[in-house]
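A quick write-up on the structure given underneath.
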Amino acid sequence: EPEVTQTPSHQVTQMGQEVILRCVPISNHLYFYWYRQILGQKVEFLVSFYNNEISEKSEIFDDQFSVERPDGSNFTLKIRSTKLEDSAMYFCASGYRGGYTFGSGTRLTVV
Amino acid sequence: GIQVEQSPPDLILQEGANSTLRCNFSDSVNNLQWFHQNPWGQLINLFYIPSGTKQNGRLSATTVATERYSLLYISSSQTTDSGVYFCAVEPGDSWGKFQFGAGTQVVVTP
């Protein structure tokens with residue numbers, strides 16, 4: 001069964017550094033998403049991406065965050081200047097109105 | 001927004017036992033999915049089940065969309081079933097923007 005692949009599985013970064021989380025969605029999917037889960041909390045929506053632009057974003061997704069599909073296969077989430085409170089699991093998902101597949105996640109630890 | 005409630009919040013099972021997890025939601029949905037989050041935090045896709053019943057090995061799920069609930073059944077539980085089980089719904093007006101429940105923490109003891 002096709003999978004959404006996320007790399008790295010765990011990333012440690014220093015506060016203030018830029019970090020890029022990478023995802024390879026399922027090849028024939030058209031919609032792409034990032035979600036976040038702070039430790040002990042619910043999984044929450046960050047942003048959706050369709051046709052090379054953001055279609056919707058949550059209040060969490062401020063100017064520190066950006067997304068890109070640089071080469072037609074990867075889908076990235078960039079955090080420009082990480083804060084301690086950005087420490088969380090980040091999940092990528094892809095789909096097309098018929099079910100969505102989530103990646104296993106990247107654990108981001110900001111120290 | 002749509003409310004998603006999962007019950008019970010915690011469940012302790014002895015290996016080999018069966019269990020039922022429930023997900024109630026407050027409004028009509030396009031889609032409902034179940035996930036298992038293992039102790040390392042990884043999310044595992046279990047079922048895409050907007051309605052009806054599906055089975056995958058020892059796991060099965062049923063969604064009754066008209067009554068706004070879904071059930072996840074775990075049969076003959078194993079220690080590897082431990083983790084958090086999440087239900088997530090896609091509201092009727094928000095394609096792909098899932099609202100997750102708080103999860104059911106399952107611990108399976110040998």
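Keep in mind that the numbers below use all heavy atoms, side chains included, and drop hydrogens, waters and symmetry copies. Note on naming: letters A, B, ... go to the chains in the order of the sequence lines (proteins, then strands), and numbering restarts at 1 for each one.
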Q: For side-chain contact (heavy atoms from CB on, under 4.5 Å), just list the numbers for B:Phe100 and A:Glu44, CA-CA rounded to whole Å, side-chain angles, deciding distance to a tenth of an Å, and then say yes or no.
A: CA-CA 7 Å; B:Phe100 279 72; A:Glu44 52 189 351; over 6 Å; no

Q | Residue among B:Asn30, B:Asn31, B:Asn45 with most heavy-atom pairs under 4.5 Å to chain A | A | B:Asn45

(Q) Quick check for you: among B:Gly41, B:Pro50, B:Gly96, which has the greatest number of heavy-atom pairs under 4.5 Å with chain A? (A)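 Among B:Gly41, B:Pro50, B:Gly96, the one with the most close pairs to chain A is B:Gly96.
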
What part of [X] gets within 4.5 angstrom of chain B, counting heavy atoms only: side chain, backbone, both, or neither?
{"X": "A:Gln6", "result": "neither"}
{"X": "A:Ser48", "result": "neither"}
{"X": "A:Phe32", "result": "neither"}

Does [X] share a hydrophobic cluster with [Y], counting links as ILVMFWY side-chain heavy atoms below 4.5 Å and allowing steps through other members?
{"X": "B:Leu13", "Y": "B:Leu72", "answer": "yes"}
{"X": "A:Leu46", "Y": "A:Val43", "answer": "no"}
{"X": "A:Trp34", "Y": "A:Ile60", "answer": "yes"}
{"X": "B:Val106", "Y": "B:Leu59", "answer": "yes"}
{"X": "B:Tyr69", "Y": "B:Tyr73", "answer": "yes"}

Q. Is the closest side-chain heavy-atom distance between A:Tyr100 and B:Glu90 below 4.5 Å?
A.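 Yes. Closest side-chain heavy atoms under 4.5 Å.
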
Q.
If you define the side chain from C-beta out and look only at heavy atoms, does anything of B:Gln42 sit under 4.5 Å from A:Phe91?
A. no

**Q.** Crowding at CD, B:Gln55 (>12 non-hydrogen neighbours, <6.0 Å)
**A.**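 Above 12, so yes.
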
(Q) Other residues, nucleotides and ligands only: do more than 12 of their heavy atoms fall within 6.0 Å of NZ on A:Lys57? (A) no

Q) Is the gap between the ring centers of A:Phe102 and B:Phe35 under 6.0 Å? A)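 Under 6.0 Å, so yes.
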
Q: Give the member of A:Gln37, A:Gln41, A:Met89 that has the highest number of heavy-atom pairs under 4.5 Å with chain B.
A: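 Of the candidates given, the most pairs with chain B belong to A:Gln37.
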
